Amino acid sequence: MQGGSEALAERFARVREWLRRVMPRVALVAGALFFVRLFLRDTQLYRETPLGLLGPLTFFACLSVILYYGLKGLVRLKRMLLWRVRRRLIITYLFVGLTPVVLLLALGALAATGGSTQATARVVTVQVEATKRQALEGAHSLAEALLRLPANASEKDAQGWLDERAALMRSTLPGARVSVWRGPAGARALGEERPADFSSVPEGEEVRGVGQDSGDERAPVPAWLHEKADWGGLAFLPPPEQSESAFGAPSVRALARAEGGGRAVAVLLTAPVSRALVKRYRDATGIDLRPFFVGITREEAQRRGLNLRYTAGDPDDDEDNRAVIAGRPQKVVDLAHDQFGEALPQFTGFSFPYPVFLEATDWHSGKESPRWSFVVGWSWAESGKQFWSDATLGPRVWEMIYGTAVVFLLLELAALLSAAWMTRAVTGTVHKLYRATESVKRGDFSHRIRTRSRDQLGELALAFNDMSANIETLLSERVEHERLKREVEIAHEVQAQLFPRSTPDIRTARITGECRAALGVAGDYYDFIEVAPGLVAFALGDVSGKGLSASLVMSNLQAALRAQVGIIAERLRLAPVGAAAVAEGRAAAVADADACRAVSGMAESINAQLCRATDANRFATLFLALYDERARTLRFTNAGHNAPILVRADGKVERLWDGGTVLGAFDGVPFEEGQTALAPADLLVVFSDGITEAQNAAGEEYGEQRLAAFAASRRTETVENIRRDIFDEIERWTGSAERGDDQTLVILKGVNREP
């Protein structure tokens with residue numbers, strides 16, 4: 001990781017050096033290109049030949065020069081301003097002191113703007129909802145009143161009565177239009193299949209609805225209203241197909257049906273969004289309200305094969321050109337004017353138009369969806385009028401805000417003064433520390449910092465004094481640490497001599513082993529010892545703990561094991577054998593070793609020696625075995641160790657459990673001795689727990705099952721290849737994590753007998 005960082009830093013250094021050489025030349029080229037373009041840009045040669053490419057080339061060259069030298073200037077300015085700690089603190093305190101003020105003001109302005117605009121939109125929504133309720137109540141009252149008219153009233157009298165009632169209703173609903181259907185009680189689909197019997201429509205530009213208002217009040221009600229006894233809401237007529245405008249015709253409509261006296265009536269009351277209705281809204285709310293009902297959405301336009309285009313009143317803008325190129329019919333939303341044709345408020349720093357969306361129903365289909373319905377002219381002045389309109393509480397609230405602002409300003413000034421005082425206190429001590437550091441660099445450890453402050457900086461100065469006094473001690477401790485490190489290295493070299501340097505020459509088997517220590521020295525131990533011709537002892541042990549202490553116990557274990565093997569070898573050498581033994585050589589010696597329980601006896605003797613030589617909390621596990629190459633038999637004892645894995649030639653896996661408890665913990669315990677055969681191509685893998693307990697990045701252990709499966713998959717390889725493959729597999733499993741425990745392997749594989 002460190003090597004990669006150094007390589008990256010070196011690469012950046014080369015890039016900076018290259019830029020330092022190249023950029024002056026680029027600056028000269030950029031200047032030359034700029035003057036050439038300045039003289040040629042108005043000529044025909046520049047406009048009609050490839051010389052026109054001088055424009056982009058000049059732009060990129062000048063931009064690169066400006067960016068490079070601008071960044072260099074900023075870096076140099078930063079070094080000049082920020083080298084002194086005092087300047088850094090002053091700039092920091094300015095940022096810390098002023099940034100919250102600016103952010104609070106910005107947040108307050110944003111919150112005030114958002115809250116005010118939402119409140120304004122809510123006021124408009126409430127007005128429209130009130131109109132809907134009035135329309136529905138008016139429709140119901142007209143329906144009930146119509147039922148009370150005499151059944152023999154002439155059409156002229158009925159029309160006059162309707163005109164009179166509609167005129168009264170227009171005092172609260174400007175421009176209200178009324179349509180009436182009459183029929184016998186129980187009549188189905190009243191108002192659905194025929195025009196209205198009566199209607200009352202006001203005249204005048206002030207009450208004419210905005211948009212493409214059809215004015216056909218006698219038309220039957222749409223099919224989606226057939227099953228409804230009453231309905232009220234904001235409805236709209238979509239823009240006609242032949243019109244380029246995307247504005248719809250909004251109106252508040254209410255339908256009421258009633259029956260009585262053997263008659264039935266249906267009343268449709270329509271209040272179009274007209275100048276009169278908008279004026280009433282403006283007078284009631286004090287808000288600059290403009291009708292701006294978009295009658296078609298972008299999705300609807302795409303579905304109908306239209307281009308929905310938003311313009312600001314300029315017919316030559318790019319979006320207009322794109323629409324013409326597309327060759328599709330257009331629906332235009334003029335963002336510069338409302339549906340009265342009047343100019344909308346412009347975006348300035350203190351005012352802007354704000355859209356109001358309302359739930360509206362398509363009068364033809366009955367589909368309800370949110371629609372852009374109005375635009376309100378929001379400004380700080382109008383918002384202030386809304387906020388301070390209460391003559392009693394408004395001034396009091398203003399006084400509270402003014403007082404809070406004054407207190408906030410005083411606190412800000414106090415914070416800046418405190419920052420200046422703290423800056424001086426901090427930088428004074430830092431300067432003393434700088435001078436003391438220079439003395440230490442010269443080797444003067446007698447320099448001391450004088451300080452009277454009792455704060456953290458004063459404690460830092462005292463700590464520096466203590467550091468100066470303790471440097472010599474730290475240096476001596478470092479020398480001691482280096483000495484200990486060297487001793488560990490020597491111990492590692494000595495321990496390496498304890499492991500077998502060569503493997504026994506066995507005709508019917510191949511054996512190998514390796515130990516990889518977690519620290520400098522290992523607590524694991526493996527060994528191969530030739531007891532007698534054709535008889536080989538091998539072992540793998542694991543001492544509790546790791547490091548130097550475990551390695552010392554390991555050396556004791558190695559000495560005890562070799563002593564016991566030596567005793568067995570001497571006893572076998574001196575044991576009397578008969579003529580048959582002379583003829584067969586090793587057979588008698590092996591038989592004698594088997595009769596004496598050589599393997600379990602060695603384990604019991606080693607256990608007794610470790611119990612006498614070590615503490616009870618220092619114990620070891622051990623797998624000890626004797627292999628007879630002639631009979632291909634393996635006698636073993638497992639003293640608390642992980643059961644080795646025996647993979648047969650056909651892939652079947654066995655475990656060697658026979659033995660007893662750990663060595664060095666309990667004196668006098670017996671050990672069992674097991675025996676098995678090692679046929680050609682059989683594979684025995686003896687391992688320490690550092691192999692199977694190796695963890696990956698997720699904390700999952702490798703486990704004995706994975707090891708057994710991996711060994712079975714490699715059983716046809718040589719013992720050296722199997723050993724190397726297992727260690728590579730464990731390294732892939734653990735990744736870049738450090739080795740948590742010593743990892744040791746002994747591998748024995750049966751082969752065909754050599755001549």
Side-chain angles (χ1 to χ4, degrees), residues 131-204 207-209 211-238 240 249-274 276-277 361-366:
T131 303
K132 288 161 55 177
R133 290 193 300 271
Q134 291 177 2
L136 191 58
E137 292 172 358
H140 277 290
S141 64
L142 279 176
E144 294 173 357
L146 281 169
L147 291 177
R148 293 193 295 270
L149 280 177
N152 56 356
S154 66
E155 292 186 2
K156 181 179 180 180
D157 293 339
Q159 183 66 51
W161 177 88
L162 181 62
D163 290 338
E164 181 179 353
R165 294 296 298 266
L168 293 175
M169 191 170 296
R170 292 182 189 115
S171 62
T172 56
L173 292 175
R177 306 170 183 177
V178 182
S179 302
V180 176
W181 290 264
R182 295 192 301 180
R188 183 181 178 276
L190 187 62
E192 300 167 7
E193 298 177 352
R194 58 185 175 85
D197 298 322
F198 305 98
S199 65
S200 178
V201 182
E203 296 181 357
V207 296
R208 189 179 68 84
Q212 301 292 328
D213 188 8
S214 65
D216 188 6
E217 284 70 29
R218 289 183 176 270
V221 296
W224 61 273
L225 282 174
H226 290 178
E227 302 298 329
K228 295 185 179 182
D230 59 1
W231 177 87
L234 178 64
F236 70 95
L237 298 174
S251 60
V252 178
R253 303 197 179 203
L255 173 69
R257 290 188 172 94
E259 292 185 3
R263 292 178 297 169
V265 296
V267 176
L268 175 63
L269 193 151
T270 303
V273 176
S274 60
L277 183 63
T361 303
D362 188 330
W363 184 247
H364 295 318
S365 65

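Remember, predicted model here, so these are calculated numbers, not experimental data.
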### Message
Contact between F198 and V178 at the side-chain level, heavy atoms closer than 4.5 Å - yes or no?
### Response
no

### Message
Between R263 (side chain only) and L147 (backbone N and O only), is there a donor and an acceptor less than 3.5 Å apart?
### Response
yes

### Task
Taking the side chain as every heavy atom from C-beta outward, state whether S200 and M169 have any atom pair closer than 4.5 Å.
no

## Note on the structure
Taken to the nearest 0.5 Å, the spacing of R253 CZ from L269 CG works out to 10.5 Å

### Task
Using the test side chain to side chain contact (heavy atoms under 4.5 Å, CB included), find all partners of T172 that sit at least two apart in sequence or belong to another chain.
Q134

### Qualifying residue for side chain to side chain contact (heavy atoms under 4.5 Å, CB included) with S251, from L234, L237, T270
T270

### Query
Does R182 use its side chain to pair, donor to acceptor, with the backbone of V265 at less than 3.5 Å?
no

### Task
Write down the atom of S274, the atom of P174, and the distance for their closest heavy-atom approach.
OG-O, 4.4 Å

### Task
Using modelled atom types only, decide if a donor and an acceptor are shared between the side chain of Q159 and the backbone of S199 within a distance under 3.5 Å.
yes

### Message
Main chain of R194, side chain of W181: is a donor-acceptor contact present, judged purely on distance under 3.5 Å?
### Response
yes

### Query
For the side chain of R257 and the backbone of K228, is there at least one donor-acceptor N/O pair under 3.5 Å apart?
yes

### Task
Over all heavy atoms of both residues, which pair between P184 and A264 is shortest? Give the atoms and the distance, please.
O-CB, 3.6 Å

### Query
Which heavy atom in R165 sits nearest to a heavy atom in A145, and how many Å separate them?
NH1-CB, 3.5 Å

### Task
Apply salt bridge (charged side-chain N to carboxylate O under 4.0 Å, His left out) to D362 and list each qualifying residue two or more places apart in sequence or on a separate chain.
none

### Nearest-0.5 Å distance that lies between atom CG in L225 and atom CG in D230
10.0 Å

### Closest non-hydrogen atom pair, L255 against L136
O-CD1, 4.0 Å

### Query
Shortest non-hydrogen contact from L277 to A271?
CD2-O, 4.3 Å

### Rounded distance [0.5 Å steps], CG in L142 versus CG in L268
11.0 Å

#### Entry: Residues that W224 engages under ring-ring contact (aromatic ring centres under 6.0 Å, His included), provided they are two or more places apart
W231, W363

### Query
Closest approach of R177 and P202, non-hydrogen atoms and distance?
CG-CD, 3.9 Å

